[in-house]
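In what follows, a single structure is set out as structure tokens and then discussed.
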Amino acid sequence: MLQVEGVTKSFDDFMAVNGANLTVNQGEIVAVIGPNGAGKTTLFNLITGALKRDKGRILFKGEDISELPPYEICKKGITRSYQIVNIFPRLTVFENVQVAVLSYQRRSSNLFRPAQSFAVKETRSILESVGLLNKEKNIAGSLSHGDQKILEIAIALGNEPELLILDEPTAGMSPEETQATIDLIKRLATGRGLTILFCEHDMDIVFSIAQSIMVMRHGETIIQGGLEEVRSNKEVQEAYLGGD
Ligand SMILES: Nc1ncnc2c1ncn2[C@@H]1O[C@H](COP(=O)(O)OP(=O)(O)OP(=O)(O)O)[C@@H](O)[C@H]1O
Ligand SMILES: [Mg+2]
């Protein structure tokens with residue numbers, strides 16, 4: 001579904017992403033791991049078009065999307081959430097998702113869809129699937145940090161993505177919230193048939209949800225493979241897993 005081939009991105013003369021490679025197959029949950037500053041967020045920004053790559057190719061369903069602007073890439077079915085929570089804090093939970101659903105519907109250009117419905121059904125169904133329906137009337141900014149991150153996933157779902165990209169989805173969460181988010185990610189993959197690409201520092205989380213892991217260091221891809229292959233890789237152990 002997604003193929004990143006030898007992609008580079010430098011900021012001035014600093015190579016943040018340096019020949020990264022990544023393959024994401026349809027229906028898979030893929031993790032990108034690597035120390036702080038390895039280039040994970042930058043790679044996600046390149047995939048979603050927020051940044052333009054200097055070299056290499058990014059293919060989505062066989063089509064080269066490297067040159068497309070972010071909204072075109074989004075329209076093709078790639079949506080992301082951010083490392084730092086990105087919601088409308090003054091709107092309600094319901095409204096946050098509704099805005100996303102309405103904007104998706106407008107983009108999908110069905111001019112005859114009755115706007116009067118205001119996407120209530122679709123919005124509720126998304127809130128239900130992430131477990132936030134009972135908080136739909138709450139002001140988003142008043143939610144716990146964990147719920148705000150879940151809300152961000154809900155907003156992303158409003159876009160009906162095929163590939164959902166999550167940048168540290170459990171960062172700053174309590175252990176309970178983390179577990180709920182892990183369950184949610186698994187549910188989205190199996191229940192909604194979503195393909196999920198995420199990055200995460202907590203190795204327990206990575207090894208409990210990912211089917212394939214790509215390891216980055218200094219902007220480079222050290223390896224991508226299945227759990228055992230990555231765990232037993234010498235270079236990965238030295239560079240990242242602390243040799244154990
Ligand atoms: N806009 C920018 N301008 C200059 N340097 C940048 C910019 N964005 C990122 N960098 C640098 O590129 C490198 C990779 O950053 P990036 O945010 O992709 O890392 P990361 O793997 O996501 O790290 P973390 O785990 O801390 O989130 C870092 O050294 C960072 O300082
Ligand atoms: Mg990051």
Side-chain angles (χ1 to χ4, degrees), residues 2-24 29-58 60 65-70 73-74 78-87 145-146 148-153 155-156 161 163-173 177-178 181-182 185 196-210 212-225 230-231 233 235-243:
L2 180 75
Q3 191 84 32
V4 174
E5 297 175 355
V7 162
T8 67
K9 174 70 190 173
S10 55
F11 297 109
D12 299 320
D13 52 6
F14 175 74
M15 295 285 261
V17 173
N18 190 4
N21 297 304
L22 172 71
T23 301
V24 179
I29 304 182
V30 178
V32 175
I33 65 171
N36 291 114
K40 305 179 295 293
T41 297
T42 305
L43 178 65
F44 289 177
N45 283 332
L46 293 169
I47 295 169
T48 57
L51 292 172
K52 285 287 156 255
R53 55 96 182 85
D54 300 324
K55 279 194 215 145
R57 290 201 311 170
I58 301 171
F60 181 60
I65 58 166
S66 331
E67 295 291 337
L68 295 182
I73 293 174
C74 182
I78 303 180
T79 306
R80 69 174 298 186
S81 77
Y82 292 84
Q83 191 166 353
I84 295 161
V85 169
N86 202 355
I87 57 173
H145 172 73
Q148 291 191 12
K149 294 208 58 132
I150 298 284
L151 176 58
E152 226 200 315
I153 295 179
I155 293 169
L163 173 62
L164 179 62
I165 300 182
L166 306 171
D167 196 341
E168 300 196 20
T170 69
M173 285 189 174
E177 288 171 336
T178 298
T181 306
I182 291 173
I185 291 173
I196 296 175
L197 172 64
F198 74 107
C199 71
E200 179 61 64
H201 283 285
D202 185 324
M203 283 309 110
D204 290 337
I205 297 174
V206 167
F207 282 96
S208 74
I209 39 184
S212 171
I213 300 174
M214 189 272 249
V215 187
M216 280 187 95
R217 184 177 46 161
H218 305 316
E220 295 172 13
T221 298
I222 298 180
I223 183 181
Q224 181 177 1
V230 167
R231 217 197 298 258
N233 181 280
E235 212 179 333
V236 174
Q237 289 177 358
E238 283 163 17
Y240 195 59
L241 299 174

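Numbering of ligands and ligand atoms starts at 1, following listing order.
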Original post:
Should Gly34 be listed as contacting ligand 1, given a heavy-atom distance under 4.0 Å as the test?
Top reply: no
Original post:
Is His201 in contact with ligand 1, taking contact as a heavy-atom separation below 4.0 Å?
Top reply: yes
Original post:
Considering only heavy atoms of Glu168, which atoms of ligand 1 have at least one such atom less than 4.0 Å away?
Top reply: 25 (O), 27 (O)
Original post:
Near Thr41, which atoms of ligand 1 are under 4.0 Å from a heavy atom of that residue?
Top reply: 17 (O), 18 (O), 20 (P), 22 (O), 27 (O)
Does the [X] side chain pair with the main chain of [Y], one donor and one acceptor, at a distance under 3.5 Å?
X: Thr42; Y: Val17; answer: no
X: Asp54; Y: Ser10; answer: yes
X: His145; Y: Ala171; answer: yes
X: Lys149; Y: Glu168; answer: yes

Original post:
Between Asp167 and Thr41, do the side chains contain an N or O donor and an N or O acceptor separated by less than 3.5 Å?
Top reply: yes
Original post:
With only distance considered, is Phe14 within less than 3.5 Å of ligand 1 through an N or O on each side?
Top reply: no
**OP:** Ignoring angles and geometry beyond distance, decide whether Ala16 reaches within less than 3.5 Å of ligand 1 through its nitrogen or oxygen atoms.
**Re:** no
Original post:
So between Thr42, Ile33, Asn36, whose heavy atom ends up nearest atom 15 (O) of ligand 1?
Top reply: Thr42
**OP:** Check whether any N, O or S atom of Thr41 sits under 2.8 Å from the Mg ion (ligand 2).
**Re:** yes
Subject >> More than 12 heavy atoms from other groups under 6.0 Å of NZ on Lys52 >> reply: yes
